[in-house]
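For reference, the structure discussed in these notes is given below.
In what follows, chains carry the letters A, B, and so on, assigned in the order in which the sequence lines appear, proteins first and then strands, with residues in each chain numbered from 1. Computed from a predicted structure; not experimentally measured. Values below: all heavy atoms of this structure, side chains included; hydrogens, waters and symmetry mates excluded.
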Amino acid sequence: MAYIQVPDHVPGIRSLVLFSPETGKHLYDLAQALLRGNSILSAAEKELIAAYVSNRNNCLFCMSSHAAAARCLYGDAAAVVDQVLDNMTQASISEKLKALLHIAGQTQQSGLAVTENDIQFARKSGATDEEIHDAVLISATFSMFNRYVDGLNSFTPTDPAEYVPMGIRMAEKGYVPPTAPVAQ
Amino acid sequence: MRSMAYIQLNNQLPGITGLLENRPDTGDPIRALTQILLRGPNTLTELERELIATLVSYKNQCRFCTSAHAATVIALGGSAELLNQVYNDLDNAAVSDKMKALLVIAGKVQQLGTAVTPENVAAAKAQGASDKEIHDTVLIAALFCLYNRYVDGLGTYRPEDPAYYEKLASRLITVGYTRPREGITVTGEASFH
């Protein structure tokens with residue numbers, strides 16, 4: 001049970017946004033701009049960074065839901081999502097994306113853990129300033145979301161099947177704040 | 001020390017200000033969220049909410065954010081002594097027992113969301129903390145885990161002059177966290193750059 005009085009049976013961030021819609025609106029606007037805005041990185045790659053960081057923060061809800069969204073957006077190449085979660089350095093992804101995931105992993109530990117060498121390595125792999133910015137901000141943003149979701153002990157389904165429709169919704173509709181508890 | 005961030009920005013502004021001005025697409029919702037959390041109607045005072053922000057920034061060793069929010073705490077009537085107590089000796093700090101319990105929760109959130117225990121929350125409720133106060137404490141602490149990583153992860157410029165932070169604190173109190181209508185220029189608070 002969540003630590004505060006939120007609607008029953010509504011999972012994760014959605015229950016918190018129903019408790020506090022005035023802050024939730026801006027949280028969803030940020031997620032939409034960051035993960036669905038025009039950028040060099042694809043929505044699939046950005047969801048993958050979000051899932052990777054959430055996994056490192058041990059946030060089962062965010063990891064499961066963003067991995068589901070990333071699998072959906074990767075389509076035929078969905079296997080890379082589980083490869084990255086299992087062992088990023090061995091995954092079948094570009095060197096550039098590995099360098100950006102490395103920066104996201106450093107940011108997840110602490111902003112101070114990102115070094116000039118990490119940035120230079122990403123540049124040599126072809127990353128632009130915009131992509132480096134997005135990797136850092138996605139990691140920082142999920143370091144917030146993960147703490148919000150787990151710090152209030154929000155409801156986290158444990159059956160992976162429950163995240164499949166969530167991933168489809170996130171891939172197709174993006175980040176639209178919930179307005180009422182979803183009837184089961 | 002570096003005078004430029006790791007990436008090219010569209011301005012010369014230091015710390016978080018340069019990042020938010022560089023990317024209004026993400027900067028605007030971050031600013032709006034901060035404004036409602038730290039300046040919106042609340043049973044926690046602005047000083048109490050700034051203390052949460054400062055403690056988390058201090059624990060994350062983010063010198064830009066710690067300097068900025070410490071200056072804001074002091075400008076709102078706090079003191080360097082109060083901050084030192086909150087950082088190092090919370091049990092004996094000159095804050096209410098409810099605030100002590102909320103600051104313990106904020107410290108746990110800084111480590112990781114799963115570090116917050118039912119006992120931490122029960123202790124805050126026993127001191128009269130409401131669900132909204134607990135919610136806002138967790139979200140403010142989480143938001144500063146975002147800010148601190150954004151500011152340091154991109155290696156932003158950090159002014160050394162304390163006068164810079166006093167000027168910034170003055171804006172955070174009089175204008176708040178929304179973008180000033182006239183914008184932020186290098187001839188304003190960033191003139192120390």
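- Within the model, atoms OG1 of B:T17 and CG of B:L9 stand 11.0 Å from one another, a figure rounded to the nearest 0.5 Å.
- For a residue to count as touching a neighbouring chain, one of its non-hydrogen atoms must lie under 4.5 Å from one of that chain's; by this rule B:L33 touches chain A with backbone and side chain alike.
- Looking only at heavy-atom pairs under 4.5 Å with chain A, the residue among B:V151, B:L37, B:D136, B:T26 that has the most is B:T26.
- Between chain B and the options A:L137, A:D29, A:T141, the largest number of non-hydrogen pairs under 4.5 Å is found for A:L137.
- Only the backbone of A:Q109 has a heavy atom closer than 4.5 Å to any heavy atom of chain B.
- B:H69 has its ring centre less than 6.0 Å from the ring centre of B:F144.
- Using a 3.5 Å distance cut-off with no hydrogens or angles, the side chains of A:Y163 and A:H66 do not pair a donor with an acceptor.
- Only the backbone of A:Q108 comes within less than 4.5 Å of a heavy atom in chain B; its side chain stays farther off.
- Chosen from A:E22, A:Q32, A:H133, A:Q5, the residue pairing most often with chain B at heavy-atom distances under 4.5 Å is A:H133.
- With a threshold of 4.5 angstrom between heavy atoms, B:T137 does not approach chain A through any atom at all.
- The residues B:D152 and B:R63 are annotated as not salt-bridged, no charged nitrogen and carboxylate oxygen being separated by less than 4.0 angstrom.
- For the 3.5 Å distance criterion, the side chains of A:Y148 and B:H135 qualify, holding a donor opposite an acceptor.
- Salt-bridge check for B:E21 with B:R31: passed, with a basic side-chain N closer than 4.0 Å to an acidic carboxylate O.
- The residues A:D134 and B:R23 are annotated as salt-bridged, a charged nitrogen and a carboxylate oxygen being separated by less than 4.0 angstrom.
- When each of A:A31, A:G37, A:S20 is checked for heavy-atom pairs under 4.5 Å with chain B, A:S20 comes out on top.
- Using a 4.5 Å cut-off between heavy atoms, A:F142 makes no contact with chain B at all.
- Proximity of a side-chain donor or acceptor of B:Q110 to a complementary backbone N or O of B:V56 within less than 3.5 Å is not detected.
- In terms of heavy-atom pairs under 4.5 angstrom with chain B, the leader among A:Q106, A:Q120, A:R123 is A:R123.
- Ranking A:T115, A:V6, A:T23 against chain B, the residue ahead of the rest is A:T23, based on heavy-atom pairs under 4.5 Å.
- Looking at B:V109, both its backbone and its side chain come within 4.5 Å of chain A, counting heavy atoms on both sides.
- Residue with the most contacts toward chain A among B:L143, B:L112, B:D25: B:L112 (heavy-atom pairs, distance under 4.5 Å).
- Ion pair B:E133/B:K125 not flagged as a salt bridge, since none of the NZ, NE, NH1 or NH2 atoms sits closer than 4.0 Å to an Asp/Glu carboxylate oxygen.
- The contact between A:I119 and chain B is made entirely by side chain atoms (from C-beta outward), counting heavy-atom distances below 4.5 Å.
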